[in-house]
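The structure appears right after this line, and notes come after that.
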There are 2 protein chains.
Amino acid sequence: MPTVKTAGRPTRSRGAAPPHRPSGQERQAGIITAAAALFATNGFKGTTTKEIAKSVGISEALLFKHFPTKRALYAAILKEKVSIPELLASVEEAAKKRDDRQVFTLIASHRIRRSADPTLLRLLLFSALEGHEISAMFFRTQHRIFYDFLAGYITQRAKEGAFRHVDPMLAARAFTGMLAHHRLLHEIFGVPAHRSPEDSVAAYVTLFLDGLLTARAEGPPSTARRQS
Amino acid sequence: MPTVKTAGRPTRSRGAAPPHRPSGQERQAGIITAAAALFATNGFKGTTTKEIAKSVGISEALLFKHFPTKRALYAAILKEKVSIPELLASVEEAAKKRDDRQVFTLIASHRIRRSADPTLLRLLLFSALEGHEISAMFFRTQHRIFYDFLAGYITQRAKEGAFRHVDPMLAARAFTGMLAHHRLLHEIFGVPAHRSPEDSVAAYVTLFLDGLLTARAEGPPSTARRQS
DNA sequence: CACAGGTAAGTAACTACTCACTCACTGGAT
DNA sequence: ATCCAGTGAGTGAGTAGTTACTTACCTGTG
């Protein structure tokens, strides 16, 4: 019953530049990039495969040649995005030197500024809210390392008498909580920043660290920026 | 062309208890309650009007008699849920007495324990992520009052010499940030709590307040619980 | 020619929302 | 007491559009 179909790409008009047909891997990377942006702004259910295909500049059919389902694509994105970065190495170095300010500054700086990819937070929140298993796993494994390290450091420094005694895990979460809330306010709720990221980092570190130190340096009183 | 339709409620069999047909207002309240729970767990796009109707126990048609669109229902929910409670009054009383610990404890307690409705956080996050105007407005108006009050108090106490000098707005956000993060971890990411809510409140208050006080009470060193 | 890369045109299921209709109950006029 | 128009609460059966995913096909290049 169906009449003759004329599908496939249209015959390219002569003289046009060769369009560099990308390899499968390049395509996949392109799809992931484009899809991540869409998922981050609209969520999983709020993003259609049609939109993704259009945003990449391909047909939906090709999309499904690369990823068997929409969910598989989503999982691939989360897997790629989620990685505890080179942060821990440099922090551990500062920790060995007992450079408290540096330890906290590195962490704060990483959380506030370097979180390079602004879509990650949204992506993560969406996936957590929408109940994808991956995000829970992410928080339990990847993030736990982070908290545990900080909690361990605080415990150690308290033993050494440099920090006063507090619940270390709670303090670790409190510190990262401050920073997470900072990003949440700005990136999700659109509250305007009233100071530069560097200033914010320094202020958070001073606020928290000076509250923790037993011997408190009564330096310049107001808004803090000891050294860069 | 359509044949005879037999619609309407089925004739009740004799002897059954009178089913108390609710008034319009009661119905609306029922719809809002049921829909709020669904929106909170699945998000706006993840919730269908069919589900809502089924959950209330009515037909979709009746749903649309009460709320012209799905979005209107959602807006009604947010409008109803969002209200800055009696918190500020009691906090202001404590503030007048300069009872620092009480001020921070009231706030922390409200944020961690009393946030009565566990769906509100999810609802709010969803609406923020999905970009509904209401949530941005909520944070800019309702929450601003909150931050401003706390920032004002910190400023005042710093002037009086009781608190050390910090950026007050940043400190206010840092404190609420710790608490927000706490709820986020438990309610959204499912991280298990390692102490009771009361203990958490006391610990957060001690952690933060003792970091802020100029004259620091070197009381019992470890996990804090000064008084109930 | 083989084949990876690509597509137009489906399809079945679902979505928000509508339509045309039926009840059960009210408060007079008879 | 009984009729009866009016009304608010309620519904089954749509509809037009969208969604994730499939099928059957095409084509330039090593």
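In what follows, every chain begins at residue 1, and chains take the letters A, B, ... in the order their sequences are listed.
- Side-chain atoms of B/Ser55 never come within 3.5 Å of backbone atoms of B/Glu51 as a donor-acceptor pair (strictly under, hydrogens ignored).
- Distance B/Leu63 CG to D/dG10 P: 12 Å, rounded to the nearest Å.
- The separation between B/Leu73 atom CG and C/dA16 atom P is 11 Å, rounded to whole Å.
- Taking the side chain of A/Ala61 as heavy atoms from C-beta on, and the options C/dG6, D/dT22, D/dA20, the nearest nucleotide is D/dT22.
- In this structure, B/Leu62 places its CG atom 15 Å from P of C/dC17, rounding to the nearest Å.
- If you measure from atom NZ of A/Lys45 to atom C1' of C/dC14, you get 12 Å, rounded to the nearest angstrom.
- Of the candidates C/dT18, D/dC21, D/dT11, D/dC21 carries the atom nearest the A/Phe64 side chain, counting heavy atoms from C-beta on.
- In this entry the distance linking NZ of A/Lys50 with C1' of D/dT18 reads 8 Å, nearest Å.
- Side chain of B/Arg122 to backbone of A/Leu129: a donor-acceptor contact under 3.5 angstrom is found.
- Contacts of B/Ile58 with the nucleic acid, taken as non-hydrogen atoms under 4.0 Å apart, involve only primed sugar atoms and P, OP1 or OP2.
- At a threshold of 4.0 angstrom between heavy atoms, the contacts of B/Thr48 are confined to the sugar-phosphate backbone, with no base atom among them.
- Atom C1' of nucleotide D/dG10 and atom CZ of B/Arg27 are separated by 9 Å, given to the nearest angstrom.
- We find that NZ of A/Lys70 is positioned 17 Å from C1' of D/dT22, with the value rounded to whole Å.
- Of the side-chain N and O atoms in B/Arg71, none sit less than 4.0 angstrom from OP1 or OP2 of C/dA16.
- The NE2-P distance, from A/His66 to C/dG5, rounds to 6 Å in whole Å.
- Taking side-chain N and O atoms only, B/Thr49 has a distance below 4.0 Å to OP1 or OP2 of C/dA16.
- Under the 3.5 Å distance criterion, the side-chain polar atoms of B/Thr41 are matched with a main-chain donor or acceptor of B/Leu38.
- Relative ring orientation between A/Tyr204 and A/His182 is described as perpendicular, the plane-to-plane angle rising above 60° on a 0-90° scale split at 30° and 60°.
- Side-chain to base pairing of B/Lys65 with D/dG8: no donor and acceptor N or O lie closer than 3.5 Å to each other.
- A donor-acceptor pair is defined here as one N or O able to donate and one able to accept, closer than 3.5 Å; such a pair exists between the side chain of B/Lys70 and the backbone of B/Thr47.
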